[in-house]
Amino acid sequence: MTYLRPNFRHPDLPTNDLGYTKKNYEGSLSTLCAGCGHDSISAAIVQACFELSVEPHKVAKMSGIGCSSKTPTYFLGNSHGFNSVHGRMPSVVTGANMANRDMIYIGVSGDGDTASIGMGQFVHAVRRSLNMTYIVENNGCYGLTKGQDSATADVGSKSKKGDANPFEAIDLVAMALQLGASFVARSFSGDKEQLVPLLKAAISHPGFAFIDVISPCVTFNNNPGSTKSYEFVRDHLEATGTVDFVPMRKEITTSYSAGTSQEVTLHDGSVIHLHKIDEKLDIHNRRSALDLIQEYKEGGKILTGLLYMDKEPTDLHETVGTVHKPLRSLHEKELCPGNNVLQNINASFR
Amino acid sequence: MTYLRPNFRHPDLPTNDLGYTKKNYEGSLSTLCAGCGHDSISAAIVQACFELSVEPHKVAKMSGIGCSSKTPTYFLGNSHGFNSVHGRMPSVVTGANMANRDMIYIGVSGDGDTASIGMGQFVHAVRRSLNMTYIVENNGCYGLTKGQDSATADVGSKSKKGDANPFEAIDLVAMALQLGASFVARSFSGDKEQLVPLLKAAISHPGFAFIDVISPCVTFNNNPGSTKSYEFVRDHLEATGTVDFVPMRKEITTSYSAGTSQEVTLHDGSVIHLHKIDEKLDIHNRRSALDLIQEYKEGGKILTGLLYMDKEPTDLHETVGTVHKPLRSLHEKELCPGNNVLQNINASFR
Amino acid sequence: MSKEAALMNRIESLNDFVIRFANVNGTGSASANNLFAKAIFRMGIPVSPKNIFPSNIQGLPTWYEVRVNEKGYIGRRGGIDIVVCVNPQSMAKDIEDVEPGGYFLYDNTKALDLRMMRRDIHFIGIPLTEICRQEYTDPRQRQLFKNVIYVGALAALLNIEFEVLTNLIADQFEGKEKLIAPNVHALELGFNYARENFQCPIGIRIERRNNVGDAILIDGNTACGLGAIYGGATVAAWYPITPSTSVVDAFETYAKRLRVCPASGKQKFAIVQAEDELAAIGMVIGANWNGARSFTATSGPGISLMNEFLGLAYFAEIPAVLIDVQRTGPSTGMPTRTQQSDVFECAYASHGDTKHVLLFPSTPKECFDMTASAFDLTERLQTPIILLTDLDLGMNDTMSEPLQWDDARAYDRGKVFTAEQLEAMSERFGRYLDIDDDGICYRTYPGTHPTKGSFFTRGTSRDEYAVYTEDGAAYARNMDRLLKKWETAKSYVPAPEIINAEHGSNIGMIYFGTTRAAALEAIDHLHEDAIAIDTLRLKAFPFNREVEEFIAQHDTIFVVEQNRDGQMRSILINECEINPTKLVAVLNYDGMPITARYIHGKVADYLQSANVTPLRRQAGQKAERKS
Amino acid sequence: MSKEAALMNRIESLNDFVIRFANVNGTGSASANNLFAKAIFRMGIPVSPKNIFPSNIQGLPTWYEVRVNEKGYIGRRGGIDIVVCVNPQSMAKDIEDVEPGGYFLYDNTKALDLRMMRRDIHFIGIPLTEICRQEYTDPRQRQLFKNVIYVGALAALLNIEFEVLTNLIADQFEGKEKLIAPNVHALELGFNYARENFQCPIGIRIERRNNVGDAILIDGNTACGLGAIYGGATVAAWYPITPSTSVVDAFETYAKRLRVCPASGKQKFAIVQAEDELAAIGMVIGANWNGARSFTATSGPGISLMNEFLGLAYFAEIPAVLIDVQRTGPSTGMPTRTQQSDVFECAYASHGDTKHVLLFPSTPKECFDMTASAFDLTERLQTPIILLTDLDLGMNDTMSEPLQWDDARAYDRGKVFTAEQLEAMSERFGRYLDIDDDGICYRTYPGTHPTKGSFFTRGTSRDEYAVYTEDGAAYARNMDRLLKKWETAKSYVPAPEIINAEHGSNIGMIYFGTTRAAALEAIDHLHEDAIAIDTLRLKAFPFNREVEEFIAQHDTIFVVEQNRDGQMRSILINECEINPTKLVAVLNYDGMPITARYIHGKVADYLQSANVTPLRRQAGQKAERKS
Ligand SMILES: Cc1ncc(C[n+]2csc(CCOP(=O)(O)OP(=O)(O)O)c2C)c(N)n1
Ligand SMILES: Cc1ncc(C[n+]2csc(CCOP(=O)(O)OP(=O)(O)O)c2C)c(N)n1
Ligand code: SF4
Ligand code: SF4
Ligand SMILES: [Mg+2]
Ligand SMILES: [Mg+2]
């Protein structure tokens with residue numbers, strides 16, 4: 001059946017091929033900190049889905065637990081969402097996807113949610129080549145529990161780069177590449193120009209698409225080298241032993257063109273060096289991608305952009321060999337063999 | 001204090017520097033299937049510890065659950081052992097190691113125990129660069145639960161090599177390398193000449209040493225192309241729907257020299273191609289190791305030997321900065337600040 | 001048989017005995033032993049074979065105990081009349097275990113160690129190894145046929161109709177005919193040797209009866225797998241663990257047979273072997289959330305790992321079917337032994353205030369029925385349903401009524417708003433609005449309608465419109481509604497099976513699951529001792545009114561279960577607010593299925609010591625036989 | 001204050017009121033609010049501040065409720081006399097919440113929306129934003145000092161000694177002196193504005209008392225962290241989760257101060273931030289197995305994930321200390337609200353027959369004492385000890401007796417054979433031999449002796465010599481011994497706190513943990529209504545004899561707890577075999593700490609409706625005040 005287009009639509013707002021306005025892709029008000037990178041990513045998702053003209057209700061928004069995992073509430077208000085438990089989003093998406101292959105699955109996770117408690121499920125979701133878009137909103141810390149280090153590199157903290165990182169940081173992009181993900185990209189929350197197209201490509205990709213998005217936590221960038229004006233406040237908080245003061249911040253945005261590098265200054269004054277991938281990289285060769293990111297890393301730079309794509313990935317449904325009709329739509333008649341068959345089965349047990 | 005050497009020692013048996021005979025390193029009778037690769041590994045561990053002259057009781061044998069994880073009972077009878085729960089050996093070793101840095105920790109796991117349920121803990125044990133030897137007895141299946149496929153490549157099943165493996169197989173060696181393990185090797189259960197020295201090197205390595213040992217499961221090599229004599233039995237079992245027949249097998253042994261390749265025929269007649277690493281490889285370069293194993297893999301060969309070693313790894317105790325005396329040996333006086341201090345603390349809360 | 005043996009008394013019995021086969025696992029004995037049991041079954045005599053196997057793959061002792069009982073008692077009796085021992089390792093103990101006057105059949109290729117000799121049982125030596133050495137060259141065949149040979153011998157010794165055996169072989173190897181002759185030959189080898197060397201039959205004999213009717217011999221796990229097929233399960237996610245593995249194996253076997261689209265060859269089901277149990281239950285929750293019927297099967301350790309997700313499903317109200325084939329806990333415990341000790345863990349799984357709906361099948365038929373209906377139940381109640389079976393029922397071939405399916409029956413998908421309903425709706429959709437005042441709210445499947453009915457599922461507190469809230473009142477309202485739903489569940493779950501003594505009694509017995517057969521047999525024996533007891537078999541948690549009434553109507557109630565802590569008894573006390581003194585625990589927890597003798601003994605002893613003499617109710621005083 | 005307001009009645013009270021600060025989280029209000037509470041505390045008046053914060057980091061409403069009560073009632077009272085509102089979002093509701101005759105202090109830089117006006121409360125407008133705009137340029141300072149300014153104003157309005165405040169500032173910024181002046185200045189801004197614009201003090205006043213003695217104001221998590229330091233913990237493994245995170249934070253803070261080797265600068269402790277809770281408890285088990293004292297802290301979801309490992313530790317008998325700072329469940333529930341709802345999950349965690357030892361601290365001092373002694377207890381009993389505290393106690397500054405440590409006290413490491421003992425031993429070492437017949441066996445640390453005392457730890461069944469076995473009898477023996485150990489535990493755990501009414505009563509009340517303060521206050525109020533009630537505060541599970549006696553001695557017993565299902569009541573019934581009718585549940589589960597008013601109301605109503613009139617016991621009839 002078809003439905004009337006949402007009638008609260010404003011005639012003047014631009015609409016996409018389906019006649020939806022961007023409003024139809026927005027969610028409820030964010031409760032994240034002002035200037036949190038995660039909100040920029042939500043906005044990029046809204047933009048990407050609008051431009052792709054996906055039917056909002058054909059998307060399922062899945063997440064674990066964390067500030068990042070809260071964001072599905074803040075985009076695609078007409079989609080069903082599932083904020084599951086910490087680190088287990090991949091398994092829930094796997095089940096949901098098996099139930100209905102005709103929907104778009106966008107999984108949002110954090111670096112804690114994925115690289116720590118969720119590592120096992122992440123690895124196996126990649127291995128199964130589940131048809132989904134897996135976004136890690138990577139801030140190198142546990143935002144929601146007030147800023148403990150996470151297992152990913154201390155993204156965006158220059159000062160940290162000097163002193164030996166106590167633990168080998170986990171590079172989820174490298175892992176995804178090595179584990180055979182069919183679409184692997186990295187971006188920066190504030191770089192709409194790069195992020196939106198990447199999201200569109202990922203959502204359109206008929207296999208497992210992984211995007212690691214560097215997304216600064218404006219609140220818990222616990223590093224010393226910091227701007228004067230902030231010092232006063234930090235001293236104050238240290239003295240009072242309370243960490244409940246979060247200065248209002250603006251989101252950090254950047255824009256630079258392919259093949260070039262870009263310095264991005266974060267809220268605490270520290271700097272990260274992004275390098276936007278140029279066309280030179282053969283995005284159909286895993287090993288060269290792995291080598292290149294390693295190479296840039298050694299040069300203190302973070303390579304961003306689409307790093308690898310396999311044009312014909314095998315989706316888990318092909319591997320399993322399920323029918324084209326969504327399993328959840330199969331009717332009783334199609335599923336239940338009936339009593340005659342059962343009587344023959346009985347016979348085989350006599 | 002010192003103790004008398006075990007008195008049940010046979011005068012004629014060869015002894016090591018500590019005056020122990022090999023018997024002192026043996027365990028109780030194995031209950032694994034005759035010919036199981038795992039038993040060969042146990043024997044190699046006994047040999048390695050004997051040759052290294054480690055004090056048997058200074059070793060802790062840790063494992064998860066599985067046929068492989070049962071093996072610690074079958075070696076080093078004078079060592080404490082801990083057969084924990086499925087997939088969680090790494091965390092138990094981490095705690096044990098933190099408690100007493102002066103012991104040798106040998107963790108034995110299976111491919112199911114590590115690559116499936118244990119993936120998260122494996123990754124993080126590597127990341128922490130825990131001082132332990134981590135052995136995966138890799139048979140590509142779940143032996144103890146009767147042969148389901150595991151997440152690692154279907155080791156040693158040539159027939160499988162042809163048809164597209166339904167899922168990307170996880171190469172634990174590649175993961176360990178990429179995650180920064182300071183010692184990474186691969187070997188074959190039947191190759192004592194290679195395995196024993198590798199074990200000795202791993203046990204002596206003052207950081208995280210990972211060895212992936214290909215260890216054929218004689219019972220559940222569920223692949224079609226198979227020797228005549230076995231077919232009869234298999235048909236029989238298929239017909240009766242029972243899988244309780246396990247023909248007696250001999251362990252598969254092999255021996256070949258560095259730089260050469262070797263074909264090894266498995267119990268079911270299938271063949272694996274091992275290539276023993278030659279001195280050419282720079283074992284101090286992660287990326288070259290990663291590239292090389294990938295290269296051989298593409299050539300249908302499994303590269304064995306010591307693939308990477310970092311001579312000065314940082315042990316978790318250094319990272320954490322613990323005292324040299326084992327934490328478990330600290331006395332009350334060294335741990336308890338006493339009441340005066342406590343009264344000052346009280347004052348700070350008034 | 002030796003003269004001397006002939007002189008001493010020997011067990012004489014017709015169609016009523018217990019035989020135990022002592023083998024080494026991995027030697028292919030299972031199929032031969034099955035052959036034996038099935039033959040007797042086909043001769044119309046009830047049997048109950050039980051596998052007692054080690055937690056390894058090859059080389060350790062394994063036993064196969066078959067009770068033959070024409071009266072139809074298929075619970076464990078206790079005691080062994082005949083041992084067939086082809087395992088030197090366990091021989092000493094196996095000899096000890098034989099009842100006085102019983103029989104011990106062994107491989108006498110190697111002479112018996114005289115120290116093991118017993119003068120009060122009958123030794124029957126057959127040179128199995130020797131026979132095989134002469135007959136076969138391939139060592140594998142020597143080992144394999146050794147088993148078939150002793151079955152042949154038993155046919156002679158016990159008077160099993162040889163033709164029944166040969167037919168079984170024929171059926172078994174249908175399509176692999178070349179295997180029939182060698183097997184039949186092996187049977188004959190044993191049969192003839194016994195005939196020639198012993199006076200057949202021995203004191204224990206089989207004689208054809210017509211006491212199995214249309215019953216089938218099937219294991220509970222297979223029945224569960226079939227139940228999932230018929231119940232419309234499309235997504236199975238699991239992680240291997242004994243003794244539950246064969247549930248999904250069976251589901252797969254039959255799904256490949258019955259659920260493949262003939263045209264495309266594509267599957268109308270998906271099975272995912274998860275990386276662990278946390279992932280398995282996560283997948284099941286995701287699939288059910290998205291409108292598919294999905295289940296998993298596991299055992300104790302898996303249940304422990306699923307705790308967090310079970311709490312989510314309870315609180316977020318997502319359907320899920322979970323089959324727990326219980327084994328001996330705690331921890332890894334005895335993975336190949338049975339127990340009913342996950343009851344507590346399952347009833348209250350996860351932190352916070354939670355309660356879960358449980359089903360307790362007793363027979364393979366119930367495994368099938370309850371699994372199938374669990375999918376209706378979970379979608380009607382929008383909460384996980386845990387089917388609690390155990391290793392004994394799950395992995396042993398058990399005599400059962402044949403499986404039935406009512407083709408008129410339609411799946412009940414519960415309260416789900418369709419696109420049409422949403423389209424017609426003027427008011428705002430509220431996922432957690434208790435419209436029908438039964439605590440159960442209307443859900444929508446993802447992707448149903450472009451602008452209506454979408455909501456956010458979460459494990460955090462939310463209001464009636466699924467909006468996140470930290471308002472204490474809203475939270476409490478929701479928790480209270482969940483309790484209301486729990487009350488509603490009482491009328492949805494299967495009622496207990498109540499069997500009252502002829503004129504009723506003031507003494508009752510409550511049991512569930514695999515305790516059934518042994519309990520009913522014990523009740524009969526007690527009846528012979530003039531002790532009348534009414535019984536109630538629990539089929540589900542929460543308990544409905546009948547359970548409370550039964551308890552109210554009796555002064556002393558034995559609660560029989562197979563765990564150490566009397567878990568079900570505690571739950572009865574908690575949920576029905578019963579005075580504990582009324583409920584007497586009868587507990588068996590050594591990992592072996594409970595026996596009729598054990599229950600009989602415990603109950604008789606208690607009644608004697610407490611010198612309670614069971615009163616019969618006056619006729620009329622509701623004593624009708626309920627089922 | 002406006003004339004009109006002056007006319008209407010207003011709340012008059014001295015040292016007895018409830019004030020609530022309504023802020024936006026992330027605006028730095030916490031330190032200012034602490035300043036307020038601490039000042040009153042330093043004036044010798046008991047206070048109990050409670051943080052009511054959202055599960056996010058910035059921008060949502062957060063409240064800080066302080067009860068001031070010179071009588072020393074520090075539980076929640078219910079009702080609010082003064083609201084200080086600097087959060088427009090919540091203003092409407094905040095105004096509603098004020099008791100009639102109460103006061104509402106707000107930022108009137110922006111005029112009040114007249115629709116919110118109430119004629120029965122007193123509005124006190126202070127142009128906080130405006131003042132800051134004039135005083136400060138840096139927006140951060142404007143926001144930060146706004147909070148300090150209203151504290152200054154309150155000093156004037158309530159008669160708080162200004163010097164007390166300035167001293168606090170001085171202490172707080174010791175070492176950062178440059179911050180003192182600006183803060184004091186901000187206080188003055190508020191103080192002076194209030195003085196100049198309102199008649200001070202208002203009806204509610206503070207006056208110095210000497211009612212706090214040597215008490216300290218500390219949160220339970222810090223006390224637990226200190227308890228771990230003093231208890232000799234060397235290995236802490238954890239995974240962050242609200243509200244338990246600050247336990248390990250505190251342990252780290254003090255360990256870095258008190259546990260660093262001055263010579264080498266090395267740590268006499270190790271803290272590992274695990275990848276999840278499964279790993280955290282695994283590490284704790286590994287460390288304890290290897291002879292170190294190790295602990296973890298978590299909350300509900302973590303407990304669910306630790307289930308499997310807890311079963312292993314119970315069955316393999318490995319010490320472990322686990323601190324569960326409970327929050328509102330099930331699932332993620334309300335992560336920043338309190339509850340006592342993990343009791344059931346913890347008592348019987350994991351599949352199979354398991355029981356776990358629990359401790360229930362009520363005060364920060366008990367958090368300290370019980371954490372420290374938990375390490376002795378776990379090593380003596382060789383089983384996990386779970387300390388059950390909650391968000392209310394764990395994260396709120398709570399008035400408490402000062403912490404004490406007896407320097408003469410020595411750690412009790414339990415039964416561990418030393419190398420010398422092993423060397424001297426002629427017989428074979430049996431890890432699970434019950435030598436002392438108390439169910440507790442002797443263990444050895446790994447690496448103790450070259451040839452004696454090594455054993456294999458496993459979650460599978462084993463015999464007395466730790467050898468793997470599938471023998472049912474050996475398994476059952478072991479399970480029975482574990483029960484014997486459980487009996488032994490009853491005499492090891494802390495006894496309950498019993499407070500009998502003057503002449504005793506036939507009515508009792510049982511409670512535990514953070515319910516204490518509110519319960520004792522309610523008891524006093526009931527006493528004023530001439531209702532005498534004896535009370536028992538549970539300190540541990542298993543329950544010892546005193547608990548059973550208390551229950552036996554009373555006809556009606558109220559069981560007060562902060563969960564929906566009356567979890568503790570169920571456990572009492574199960575473990576003590578109590579007739580449920582005797583135990584009346586009083587349940588609060590909206591996520592807010594239970595109030596004295598609530599308990600008072602519930603009890604009074606019940607007694608009235610059941611028209612039970614509490615009998616006083618005759619003197620002599622054991623009515624002595626136990627504690
Ligand atoms: C089982 C469990 N453990 C711990 C927590 C507490 N917790 C909530 S969010 C979080 C980490 C979030 O970090 P990340 O995934 O990076 O998200 P971010 O907030 O940084 O965006 C943790 C540990 C939880 N909710 N559940
Ligand atoms: C939590 C849990 N899930 C499942 C099992 C059942 N189980 C026992 S061993 C095993 C897999 C063993 O495979 P692997 O680690 O490769 O060891 P192998 O037997 O092949 O040597 C499984 C799934 C278990 N013991 N615990
Ligand atoms: S804490 Fe960090 S991650 Fe969380 S919302 Fe604030 S800025 Fe974003
Ligand atoms: S099943 Fe396989 S892995 Fe297990 S013992 Fe037998 S051969 Fe070894
Ligand atoms: Mg993060
Ligand atoms: Mg394996």
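By convention in this document, chain letters (A, B, ...) are assigned in the order of the sequence lines, proteins followed by strands, and residues within each chain are numbered from 1.
Listed options D:L482, D:T460, D:I571, D:D324 were ranked by heavy-atom pairs under 4.5 angstrom with chain C; first place goes to D:T460. Ranked by heavy-atom pairs shorter than 4.5 Å toward chain C, the options D:L583, D:L312, D:T581 are led by D:L312. Between chain D and the residues C:T332, C:D480, C:D353, the most heavy-atom pairs under 4.5 angstrom are made by C:D353. Note on D:C346, D:G329, D:S299, D:G333: by heavy-atom pairs under 4.5 Å with chain C, the leading option is D:G333. Of all the listed residues (D:A476, D:A313, D:S461), the one sharing the greatest number of non-hydrogen pairs under 4.5 Å with chain C is D:S461. The candidate from C:M479, C:K582, C:R462, C:K355 with the greatest count of non-hydrogen atom pairs under 4.5 Å with chain D is C:M479. The candidate with the highest count of non-hydrogen atom pairs below 4.5 Å against chain C, out of D:P335, D:G472, D:P580, D:G591, is D:P580. Comparing C:P54, C:G302, C:G566 by how many heavy-atom pairs each has under 4.5 Å with chain D, the most go to C:P54. Interface check for chain C: of the options D:V343, D:T328, D:N478, the most heavy-atom pairs under 4.5 Å are formed by D:T328. Interface remark: of the candidates C:R458, C:R569, C:Q326, C:R477, C:R569 forms the most heavy-atom pairs closer than 4.5 Å to chain D. Residue with the most contacts toward chain D among C:I52, C:L60, C:L305: C:L305 (heavy-atom pairs, distance under 4.5 Å).
Interatomic distance, CD of C:E577 versus CG of D:N579, reported as 9.0 Å (0.5 Å rounding). Remark: D:S331 OG to C:L310 CG distance equals 10.5 Å, nearest 0.5 Å. Within the model, atoms CD of C:E345 and CD of D:E345 stand 6.0 Å from one another, a figure rounded to the nearest 0.5 Å. Residue D:D471 holds its CG atom at 9.0 Å from CG of C:D590, rounded to the nearest 0.5 Å. Distance CE/C:M306 to CG/D:N307: 12.5 Å, rounded to 0.5 Å.
At a 4.5 Å heavy-atom cutoff, the contact between D:R564 and chain C is made by backbone and side-chain atoms alike. Heavy atoms closer than 4.5 Å to chain C are found in the side chain of D:Y468, but not in its backbone. Heavy atoms closer than 4.5 Å to chain C are found nowhere in D:M592, neither backbone nor side chain. If you measure heavy-atom distances from D:Q339 to chain C, the contacts under 4.5 Å come from the side chain alone. Contacts between D:A316 and chain C at a heavy-atom distance below 4.5 Å are absent for every atom of the residue. For D:Y348, the parts lying under 4.5 angstrom from a heavy atom of chain C are both the backbone and the side chain. When heavy atoms are compared at a cutoff of 4.5 Å, C:Q567 approaches chain D solely by way of its side chain, counted from C-beta outward. Contact annotation for C:A474: neither backbone nor side-chain heavy atoms come within less than 4.5 Å of a heavy atom of chain D.
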* Apply side chain to side chain donor-acceptor pair (under 3.5 Å) to the pair D:S304 and C:S350, showing each step before the final yes or no. => CA-CA 5 Å; D:S304 284; C:S350 205; 3.1 Å; yes
* Should D:T354 and C:D565 be marked as a side-chain contact (heavy atoms from CB on, under 4.5 Å) after you check the CA-CA gap, both sets of side-chain angles, and the distance that decides it? -> CA-CA 8 Å; D:T354 57; C:D565 294 341; over 6 Å; no
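The local environment of NZ in C:K485 is crowded, with over 12 non-hydrogen atoms from other residues, nucleotides or ligands closer than 6.0 Å. More than 12 heavy atoms of other residues, nucleotides or ligands sit less than 6.0 Å from atom NZ of D:K484.
Here the side chain of C:E470 pairs a donor or acceptor atom with the backbone of D:S55 at under 3.5 angstrom. Panel note: side chain C:H351, backbone D:P330; no donor-acceptor pair is recorded below 3.5 Å.
No close placement of the D:Y475 and C:Y589 rings is indicated, their centers lying 6.0 Å or farther apart.
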